[in-house]
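Okay, structure first, notes after.
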There are 2 protein chains.
Amino acid sequence: MNEPTTREREDQADAWFHALADRTRRDILRRVLAGEHSVSTLARSYDMSFAAVQKHVAVLERSGLLTKRRQGREALASGDVEAVRSVGVMLTELEALWRGRISRMDELFASDTGTDTDTQTSTDTTTSTQKD
Amino acid sequence: MNEPTTREREDQADAWFHALADRTRRDILRRVLAGEHSVSTLARSYDMSFAAVQKHVAVLERSGLLTKRRQGREALASGDVEAVRSVGVMLTELEALWRGRISRMDELFASDTGTDTDTQTSTDTTTSTQKD
DNA sequence: CAAACATACAACTGATCGGTTGTACGTTGT
DNA sequence: ACAACGTACAACCGATCAGTTGTATGTTTG
């Protein structure tokens, strides 16, 4: 596995936070973190169609917060606690930015010297959609 | 201030994660956590209209991740690190659910005798939006 | 084998989202 | 006074979202 680019990290973050931004999905995640559940077992817990719940599970799976394994006709879903931790790390990085202004690091890197920034993904700095 | 209801906590979580689920908003949040910025200063950093950025700031403000103060004609935005921490706590609670099945605590309190083995998830017990 | 079960996905619909332009209003500088 | 600046909000538009129903396919079980 390669170091993820800034773009890939942002895509991942989009997927994580989008997945978490729905209370049904958060509830599903809580259940599958506490233990494996089949999709239909999960579906029975909510006042909506099976298809709706199945799509919520699919969103969680695509984001990486949940994994599925097949057992016969059932699909057993488990929460991926490592992914949850990664989201937490992302927030910790935000806090760090508040404490110490990490973003200054880029300027220090970029402004002089050979700039052998193997960690940094070239072009843009910490972020994304700048204009100039 | 009263204890927030489950409903209010979920509404808050919806707002937090929705606000974080957009990379422009995450970028804005990074900047205002690192230091105060006026809305138009922020707007100049992105390749979109002032109104678009202003709306992003408004979303962050409504979620509580950002606060604004007025100084003359400018609106100075600051990231609220306490809110960021609260989001982190919410994720930690998810992790805890994985580690120990917190929801069982009630039973342990009620039933006495620490006879816990692996305690697998039988029915559900966990949280909110059940059907029946 | 046939019926019931579990899953997956396509097609549709109303609601929300992320962007736009335009307008209105208070503040600042000349 | 007035022009430029900074902010806020309304109205609009295409895209995505969260739900629905329906259909197809594989897996148990009687």
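Residue numbers begin at 1 in each chain, while the letters A, B, ... track the order of the sequences.
Between dA8(D) and Lys68(B), a contact under 4.0 Å exists linking OP1 or OP2 to a side-chain N or O. One finds a side-chain N or O of Arg44(B) lying less than 4.0 angstrom from the OP1 or OP2 phosphate oxygen of dG6(D). Here Ser49(A) reaches the OP1 or OP2 of dT20(D): one of its side-chain N or O atoms lies under 4.0 Å away. For dT7(D), neither phosphate oxygen OP1 nor OP2 lies less than 4.0 angstrom from any side-chain nitrogen or oxygen of Gln54(B).
For the pair Ala21(A) and Ser38(B), both in contact range of DNA chain D, the more 5′-proximal nearest nucleotide belongs to Ser38(B). Map Arg25(A) and Ala51(B) each onto its nearest nucleotide of DNA chain D; the residue landing nearer the 5' end is Ala51(B).
Here dA18(D) presents its P atom at 17 Å from CG of Asp47(A), a figure rounded to the nearest Å. Rounded to an integer number of Å, the gap from Leu76(A) CG to dT27(D) C1' is 14 Å. Taking atom CZ on Phe50(B) and atom P on dC9(D), their separation rounds to 11 Å, with Å as the unit. Protein atom CG of Asp22(B) is 14 Å distant from nucleotide atom P of dT16(D), rounded to whole Å. Nucleotide dA18(D) holds its C1' atom 14 Å from the NE2 atom of His18(B), rounded to whole Å. One interatomic measurement links the two molecules: CG of Leu20(A) to P of dA18(D), which rounds to 12 Å at whole-angstrom precision. Taking atom CG of Leu60(A) as the reference point, atom P of dA18(D) lies 11 Å away to the nearest angstrom. Between the NE2 atom of His37(B) and the P atom of dG6(D) there is a distance of 15 Å, given to the nearest Å.
The side-chain hydrogen bond (donor to acceptor under 3.5 Å, both in side chains) check on Arg9(B) picks up Glu93(B), with sequence neighbours excluded. Applying the side-chain contact (heavy atoms from CB on, under 4.5 Å) criterion to Arg70(B), with sequence neighbours excluded, gives no partner residue. Evaluation of the side-chain hydrogen bond (donor to acceptor under 3.5 Å, both in side chains) rule for Glu82(A) yields Arg85(A) as partners, not counting sequence neighbours.
Within 4.0 Å of Ala75(A), counting heavy atoms only, lie sugar-phosphate atoms of the nucleic acid but no base atom.
Using modelled atom types, one side-chain atom of Glu8(B) and one backbone atom of Thr5(B) make a donor-acceptor pair closer than 3.5 Å.
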Is there a side-chain contact (heavy atoms from CB on, under 4.5 Å) between Leu65(B) and Leu20(B)? Walk through the geometry before answering.
CA-CA 9 Å; Leu65(B) 290 167; Leu20(B) 289 166; 4.0 Å; yes
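Atom CD in Glu36(B) sits 11.0 Å away from atom OG1 in Thr41(B) (nearest 0.5 Å).
When hydrophobic clusters are built by joining Ile, Leu, Val, Met, Phe, Trp and Tyr residues whose side-chain heavy atoms come closer than 4.5 Å, directly or via intermediates, Trp98(A) is grouped together with Leu91(B).
Using a cut-off of 4.0 Å between Lys/Arg side-chain N and Asp/Glu carboxylate O, Arg23(B) and Asp27(B) are scored as not salt-bridged.
There is a side-chain donor-acceptor pair under 3.5 Å between Arg31(A) and Ser45(A).
Interface limits on DNA chain C: the 5'-most and 3'-most nucleotides within less than 4.0 Å of chain B heavy atoms are dC17(C) to dT28(C).
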Return the polar atom pairs (N/O with N/O) between nucleotides 28-30 of chain D and the protein under 3.5 Å, or none.
residue, atom, partner, partner atom, Å
dT28(D), OP1, Arg73(A), N, 3.2

Identify every side-chain donor-acceptor pair in residues 48-62 of chain B under 3.5 Å, counting partners at least two apart or on other chains, and give the distances.
residue, atom, partner, partner atom, Å
Ser49(B), OG, Ala52(B), N, 3.1
His56(B), ND1, Arg25(B), NH1, 3.2
Glu61(B), OE1, Lys68(B), NZ, 3.3

